[in-house]
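Worksheet for the structure shown next.
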Amino acid sequence: MSISIGIHDLSIATAEFVLPHTALAAYNGTDIGKYHVGIGQESMSVPAADEDIVTMGAAAAAPIIARHGKDRIRTVVFATESSIDQAKAAGVYVHSLLGLQSATRVVELKQACYGATAALQFAIGLVQRDPAQQVLVIASDVSKYELDSPGEATQGAAAVAMLVSVDPALVRIEDPSGLFTADVMDFWRPNYRDAALVDGQESIGAYLQAAEGTWKDYTEQGGRSLEEFAAFCYHQPFTKMAYKAHRHLLNYCGYDTDKDVIARDLGQTTAYNTVIGNSYTASVYLGLAALLDQADDLSGRPVAFLSYGSGSVAEFFAGTVVAGYREHLRTEENQEAISRRTPVDYAGYRALHEFKFPADGGDHATPEQTTGPFRLAGISGHKRLYQRR
Ligand code: COA
């Protein structure tokens, strides 16, 4: 009999500040209906000058360590596409901030917004090999597009930490997976750029093509039928994209695309993404957090995941929600991570967007802005200096 492996604990973190889309719309003259209805976004998290993927990743993971200890964690996989270093894995800083044991392997994974799903699957493989071990998976990203570009409205920032183990308390991840890769230029970020480049309409088309491709492979691999799923967690670069993808999948499978059915299938997965914005690798797992935190009892019910990363790689897979999972949720903490953010006005957001460390190798302290448990205190000699409060 195969052993049960999956998500044992899940915790989220986001940034210090929040920009409501009403402020962006007032600045650029866009009808707010386009943001609220057209793309399905209400607000977006904006990192403080002393926050980054490390501070958010550590903040998401710290409660997991506090609950489960560190003894069984021998691997940390950090998934991101807003990497802070071309060589050193961001997870090494998190390993240090959390005081994890030295007998740990730490690595960073990248494939646009898909990376965290690769991390989850690799973690499952490691636990399969040695069920005594647990793997800490961290997905952390800051989504940044050019000011005054169409992508500006779909920025955001967040981290999701997941503890992967045998006999998981939350979600058992199943075989098979449906896989899809296609070489497309819908979204990318050359090494010399801070902000991503995106062809928005191309990315919508590429996402839909990937949804079809993963589903086709999933069924060929002997996966479940569509009607078995209690809910669908999609990658959400903007929440309306989940609706587009589900409608496309239903059409592709020959089903009607009734508005109420689509809302029932995925409405609860969008609650966190709609107020946080795009969190790249974390987005699909923020969808899971929102679903588990809000849905009626899902014990024993299969949930579908569609993880998409531009470029593009995608994976469709299923997880079964474990009986008794509600006792292990972090609903209050997750909601607090969102509600504790401080609203920033448009000028303040723009200044943060343009904030950049000088690249001269000197000593540069960051303004103390975040009230979170970890901060990026500055850089010195090209080294990032982190603090635990
Ligand atoms: N009220 C309601 N809806 C409105 C509206 C209004 N006043 N004005 C426009 N809309 C709708 C449009 O009809 C459209 O809906 P549809 O897609 O269902 O047709 C939607 O709002 C967006 O309008 P559009 O003209 O396409 O906006 P845009 O040119 O600004 O582009 C994105 C929107 C999402 C493509 C753009 O923000 C983007 O590129 N974001 C980045 C996406 C990304 O990260 N992709 C990579 C990862 S998958």
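Any value given below was found using the heavy atoms of this structure, including those in side chains, with hydrogens, waters and symmetry copies removed. Ligands are counted one by one from 1 in listed order, and the atoms in each one are counted from 1 as well.
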(message) Within the structure provided, determine whether Leu250 and Asp256 are in side-chain contact (heavy-atom separation under 4.5 Å).
(response) no

(request) Decide if atom CZ of Arg72 counts as having more than 12 heavy atoms of other residues, nucleotides or ligands within a radius under 6.0 Å. (result) yes

(message) How far is atom 11 (C) of ligand 1 from the closest protein heavy atom, and which atom is that?
(response) Gly38 CA, 3.6 Å

(request) Examine Ser203 against ligand 1 and note whether any of their N/O atoms are separated by less than 3.5 Å. (result) yes

(message) Within the structure, is a non-hydrogen atom of Ser310 found at a distance of less than 4.0 Å from ligand 1?
(response) yes

(message) Under a 4.0 Å threshold between the charged nitrogen and the carboxylate oxygen, would Asp52 count as salt-bridged to Arg384?
(response) yes

(message) Looking at Tyr207, I'd like to know if the NZ or CZ of Lys244 sits under 6.0 Å from its six-membered ring centre while staying within 45 degrees of the ring's axis.
(response) no

(message) Suppose I only count heavy atoms of Asp31 and a 4.0 Å limit; which atoms of ligand 1 are within that range?
(response) 7 (N)

(request) Please check if any side-chain donor atom of Thr370 sits under 3.5 Å from a side-chain acceptor atom of Glu51, or the reverse. (result) yes

(message) Heavy-atom pairs closer than 4.0 Å: do any link ligand 1 to the side chain of Pro237, the backbone, both, or neither?
(response) side chain

(request) Out of Gly200, Pro150, Ala25, indicate the one that has the non-hydrogen atom closest to atom 36 (C) of ligand 1. (result) Pro150

(request) Could you tell me if any non-hydrogen atom of Met241 lies under 4.0 Å from any atom of ligand 1? (result) no

(message) Please compare His36, Gln236, Gln201 and report which has the shortest non-hydrogen distance to atom 26 (O) of ligand 1.
(response) Gln201

(request) Establish, from distance only, whether the side-chain atoms of Asp9 and His328 form a donor-acceptor pair under 3.5 Å. (result) no

(message) Tell me whether Tyr145 reaches ligand 1 (any heavy atom closer than 4.0 angstrom to a ligand atom).
(response) yes

(message) Under 4.0 Å and counting heavy atoms only, is there anything from the protein next to atom 30 (O) of ligand 1?
(response) yes

(message) List ligand 1 atoms under 4.0 Å from Lys240, heavy atoms only on the residue side.
(response) 18 (O)

(request) Starting from atom 6 (C) of ligand 1, find the nearest protein heavy-atom neighbour and note its residue, name and distance. (result) Lys34 N, 3.3 Å

(message) Lys110: which residues meet the salt bridge (Lys or Arg N to Asp or Glu O under 4.0 Å) condition with it, sequence neighbours left out?
(response) none

(request) Using salt bridge (Lys or Arg N to Asp or Glu O under 4.0 Å) as the criterion, list what pairs up with Glu81, not counting sequence neighbours. (result) none

(request) Within a distance under 4.0 Å of any heavy atom of Gly33, pick out the atoms of ligand 1 and give their elements. (result) 1 (N), 2 (C), 3 (N), 6 (C)

(message) Looking at Tyr325, I'd like to know if its OH atom is crowded, meaning that more than 12 non-hydrogen atoms belonging to other residues, nucleotides or ligands lie closer than 6.0 Å.
(response) yes

(message) Students should be able to answer this: which protein heavy-atom is nearest to atom 41 (C) of ligand 1, and at what distance?
(response) Thr154 OG1, 3.2 Å

(message) Under a plain distance cut-off of 3.5 Å, with no hydrogens placed, do Ser177 and Glu315 share a side-chain donor-acceptor pair?
(response) yes

(request) Pull out every atom of ligand 1 sitting under 4.0 Å from any heavy atom of Phe238, numbered as shown with elements. (result) 34 (C)

(message) Is Lys244 close enough to touch ligand 1? Criterion: a residue heavy atom under 4.0 Å from a ligand atom.
(response) yes

(request) Give a yes/no on ligand 1: does Glu152 have at least one heavy atom closer than 4.0 angstrom to it? (result) no

(message) Return the closest protein heavy atom for atom 22 (C) of ligand 1 as residue, atom name and distance.
(response) Ile39 CG2, 4.0 Å

(request) Scan side-chain atoms only and decide if His36 and Gln41 contain a donor-acceptor pair under the 3.5 Å cut-off. (result) no

(request) Please write down residue, atom name and distance for the protein heavy atom closest to atom 38 (C) of ligand 1. (result) Gly151 CA, 4.0 Å

(request) Would you mind checking if Glu108 and Lys88 are paired as a salt bridge, meaning a charged N to carboxylate O distance below 4.0 Å? (result) no

